[in-house]
**Q** 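Below is a structure I'd like to ask you about.
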Protein chains: 2
Amino acid sequence: MTRPSVTTPDALAQRLAHSGLRSTPQREVIYDVLLKKRDHPTADEVYARVRSDMPSISLATVYNCLETLVQCDLVRAVNFERGPTRYCPNLRPHAHFHDEQSGSTHDIDLPPDLLEKVSAVLPPGYDAKSVEITFRGKALPSTEPKAAANK
Amino acid sequence: MTRPSVTTPDALAQRLAHSGLRSTPQREVIYDVLLKKRDHPTADEVYARVRSDMPSISLATVYNCLETLVQCDLVRAVNFERGPTRYCPNLRPHAHFHDEQSGSTHDIDLPPDLLEKVSAVLPPGYDAKSVEITFRGKALPSTEPKAAANK
DNA sequence: AGTGATAATTAGAATTATTCTAAATGATGA
DNA sequence: TCATCATTTAGAATAATTCTAATTATCACT
Ligand SMILES: [Mn+2]
Ligand SMILES: [Mn+2]
Ligand SMILES: [Zn+2]
Ligand SMILES: [Zn+2]
């Protein structure tokens with residue numbers, strides 16, 4: 001029954017304020033879209049989804065808002081090779097698994113000590129602010145993202 | 001006194017033949033350039049370096065040859081965020097450290113068991129063909145890549 | 001050596017995701 | 001209400017890469 005730390009829409013205004021930014025309808029609906037279907041959509045996909053709620057929003061605004069959410073640490077930008085950037089509202093420490101067949105991206109939760117263990121391979125003189133772990137391969141269809149299991 | 005497994009220019013013709021491809025002057029000079037200065041150059045940087053040896057080479061050929069070397073498993077393509085792809089002839093298992101100040105990329109050799117340990121976090125149903133580990137942060141100037149220390 | 005088949009290279013156009021620019025709109029608060 | 005500053009917006013610009021179609025090089029055979 002643990003809840004994700006900050007992944008509720010309410011947290012948005014707080015986090016934005018903390019960075020001296022305003023909560024706007026565009027930022028809210030974009031964050032909602034990310035929380036509702038956590039399949040690592042691209043900016044274009046976010047744009048398409050947001051347009052049903054807000055048909056007048058512009059693609060530039062989608063890019064601007066996503067960047068803002070990333071700066072506020074509410075969302076992670078996820079890249080794989082040279083593909084378009086994908087957006088992830090999962091704030092727990094996790095890795096990404098890219099299924100080559102389907103093109104889908106899955107979250108892999110990490111045990112609490114793994115990132116430290118990995119960072120321990122750094123020789124003296126290297127000070128890492130972040131670590132990213134990415135897998136590429138084949139995932140069984142049963143591992144396809146099911147209907148928005150939040151928790 | 002261990003030697004890197006396949007990182008000598010001689011290996012090139014072999015590996016290419018194994019994939020049914022020819023060894024060409026362009027492929028050779030590009031692979032040489034990658035071996036000579038292992039600082040993870042971009043395609044543009046490779047192009048610039050190769051042009052002193054072979055002024056008539058085209059940028060399209062540089063892209064083609066780099067892709068060929070990657071397909072033959074002689075070179076790794078390395079991406080960081082949305083930056084241009086960089087190329088790495090280090091075939092040992094290693095991670096990448098991106099120094100945010102200088103923009104430089106460093107190889108971090110990995111202990112033999114680490115990648116297995118990391119892959120062990122995958123739930124059943126996930127079959128990873130590759131794992132990538134990327135660090136981002138600050139590296140002390142002393143860790144700057146020194147004059148082509150091969151071995 | 002000559003010939004046809006295939007592979008590789010090349011210049012330049014096209015593509016794609018993203019960023020930039022400059023103007024319009026919206027909120028804030030003296 | 002007005003001035004100020006933040007945000008959004010449309011469209012142009014950018015940058016890395018890929019594609020296209022033509023040319024050149026290599027190879028296998030005769
Ligand atoms: Mn990824
Ligand atoms: Mn990298
Ligand atoms: Zn994720
Ligand atoms: Zn490397």
Side-chain angles (χ1 to χ4, degrees), chain A residues 12-13 15-33 40-51 53-72 74-88 103 105, chain B residues 12-13 15-33 40-51 53-72 74-88 103 105:
Chain A
L12 177 62
R15 283 290 187 108
L16 286 169
H18 179 271
S19 300
L21 300 169
R22 297 175 188 165
S23 187
T24 67
Q26 289 87 347
R27 286 168 181 171
E28 282 165 17
V29 69
I30 286 173
Y31 188 48
D32 284 350
V33 154
H40 303 85
T42 63
D44 263 329
E45 288 165 346
V46 170
Y47 181 47
R49 293 176 196 178
V50 157
R51 273 207 310 167
D53 279 19
M54 189 180 274
S56 64
I57 198 172
S58 77
L59 179 57
T61 297
V62 171
Y63 273 102
N64 290 341
C65 292
L66 287 170
E67 172 65 14
T68 298
L69 294 175
V70 169
Q71 300 300 33
C72 293
L74 280 165
V75 167
R76 265 173 69 180
V78 176
N79 290 101
F80 181 62
E81 287 165 10
R82 289 276 311 169
T85 299
R86 300 179 167 274
Y87 296 88
C88 172
T105 301
Chain B
L12 176 62
R15 283 290 188 111
L16 287 169
H18 179 272
S19 301
L21 300 169
R22 297 174 185 165
S23 186
T24 67
Q26 288 87 347
R27 287 169 179 170
E28 283 164 16
V29 69
I30 285 172
Y31 188 48
D32 284 350
V33 154
H40 303 86
T42 64
D44 263 328
E45 287 164 348
V46 171
Y47 182 47
R49 292 175 197 180
V50 157
R51 264 181 353 143
D53 279 18
M54 187 181 277
S56 63
I57 198 171
S58 76
L59 179 58
T61 297
V62 171
Y63 274 103
N64 290 340
C65 292
L66 288 171
E67 172 64 13
T68 297
L69 295 175
V70 169
Q71 301 300 32
C72 293
L74 280 164
V75 167
R76 265 173 69 178
V78 176
N79 291 99
F80 181 61
E81 285 163 13
R82 290 274 312 170
T85 299
R86 301 181 166 273
Y87 296 88
C88 171
T105 300

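We name chains A, B, ... by the order of the sequence lines, and we start the count at 1 in each one. No hydrogens, no waters, no symmetry mates; every other heavy atom, side chains included, goes into these values. Remember, predicted model here, so these are calculated numbers, not experimental data.
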**Q** Quickly work out the Met54(A) CE to dT7(D) P distance and round it to whole Å.
**A**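 Computing the Met54(A):CE to dT7(D):P distance gives 15 Å.
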
**Q** Partners of Thr68(B) by side-chain hydrogen bond (donor to acceptor under 3.5 Å, both in side chains), sequence neighbours excluded?
**A**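 For Thr68(B), no residue satisfies side-chain hydrogen bond (donor to acceptor under 3.5 Å, both in side chains) once neighbours in sequence are set aside.
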
**Q** Using modelled atom types and a 3.5 Å cut-off, is there a donor and acceptor pairing between side-chain atoms of Arg82(B) and backbone atoms of Arg82(A)?
**A** yes

**Q** Rounded to whole angstrom units, what separation is found between the CD atom of Glu28(A) and the C1' atom of dT7(D)?
**A** 14 Å

**Q** In whole angstroms, how far is the P atom of dA16(D) from the CD atom of Glu81(B)?
**A** 15 Å

**Q** Decide yes or no for Glu28(A) and Ser23(A): does some side-chain heavy atom of the first lie under 4.5 Å from some side-chain heavy atom of the second?
**A** yes

**Q** Using whole Å, report how far CZ of Arg27(B) lies from C1' of dT10(C).
**A**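 One finds 14 Å between C1' of dT10(C) and CZ of Arg27(B), rounded.
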
**Q** Answer yes or no: does a side-chain N or O of Thr24(A) lie under 4.0 Å from OP1 or OP2 of dT7(D)?
**A** no

**Q** Whole angstrom is fine here: how far is it from OH in Tyr31(B) over to P in dA8(C)?
**A** 18 Å

**Q** Report the distance from atom CD1 of Ile57(A) to atom C1' of dA10(D), rounded to the nearest whole Å.
**A**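 Computing the Ile57(A):CD1 to dA10(D):C1' distance gives 14 Å.
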
**Q** May I ask you to verify if any side-chain N or O of Gln26(A) is less than 4.0 angstrom from the OP1 or OP2 atom of dT9(D)?
**A**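 True: Gln26(A) side-chain N/O within range (under 4.0 Å) of dT9(D) OP1/OP2.
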
**Q** Walk me through it: do Val62(A) and Asp44(A) pass the test side chain to side chain contact (heavy atoms under 4.5 Å, CB included)?
**A** CA-CA 8 Å; Val62(A) 171; Asp44(A) 263 329; over 6 Å; no

**Q** So Asn64(B) and Gln26(B), do their side chains get closer than 4.5 Å, heavy atoms only?
**A** no

**Q** Tyr47(B) and side chain to side chain donor-acceptor pair (under 3.5 Å): which single residue from Glu45(B), Arg49(B), Arg51(B) fits?
**A**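 In the set Glu45(B), Arg49(B), Arg51(B), the residue that makes a side chain to side chain donor-acceptor pair (under 3.5 Å) with Tyr47(B) is Arg51(B).
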
**Q** Round to the nearest Å and state the distance from Leu69(A) atom CG to dT8(D) atom P.
**A**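 Spelled out: CG on Leu69(A) to P on dT8(D) is 10 Å.
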
**Q** Counting C-beta onward and ignoring hydrogens, is there a side-chain heavy-atom pair between Ile57(A) and Ile30(A) closer than 4.5 Å?
**A** yes

**Q** Rounded to the Å, how far apart are Ile30(A) CD1 and dT8(D) P?
**A**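 So the CD1-P distance, Ile30(A) to dT8(D), works out to 8 Å.
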
**Q** When you check every protein heavy atom under 4.0 Å of nucleotides 13-27 of chain C, what one-letter string (B, S, -) results, 5' to 3'?
**A** ----SBB-------S

**Q** Output yes when at least one side-chain N/O atom of Thr61(A) is less than 4.0 Å from OP1 or OP2 of dT8(D), else no.
**A** no

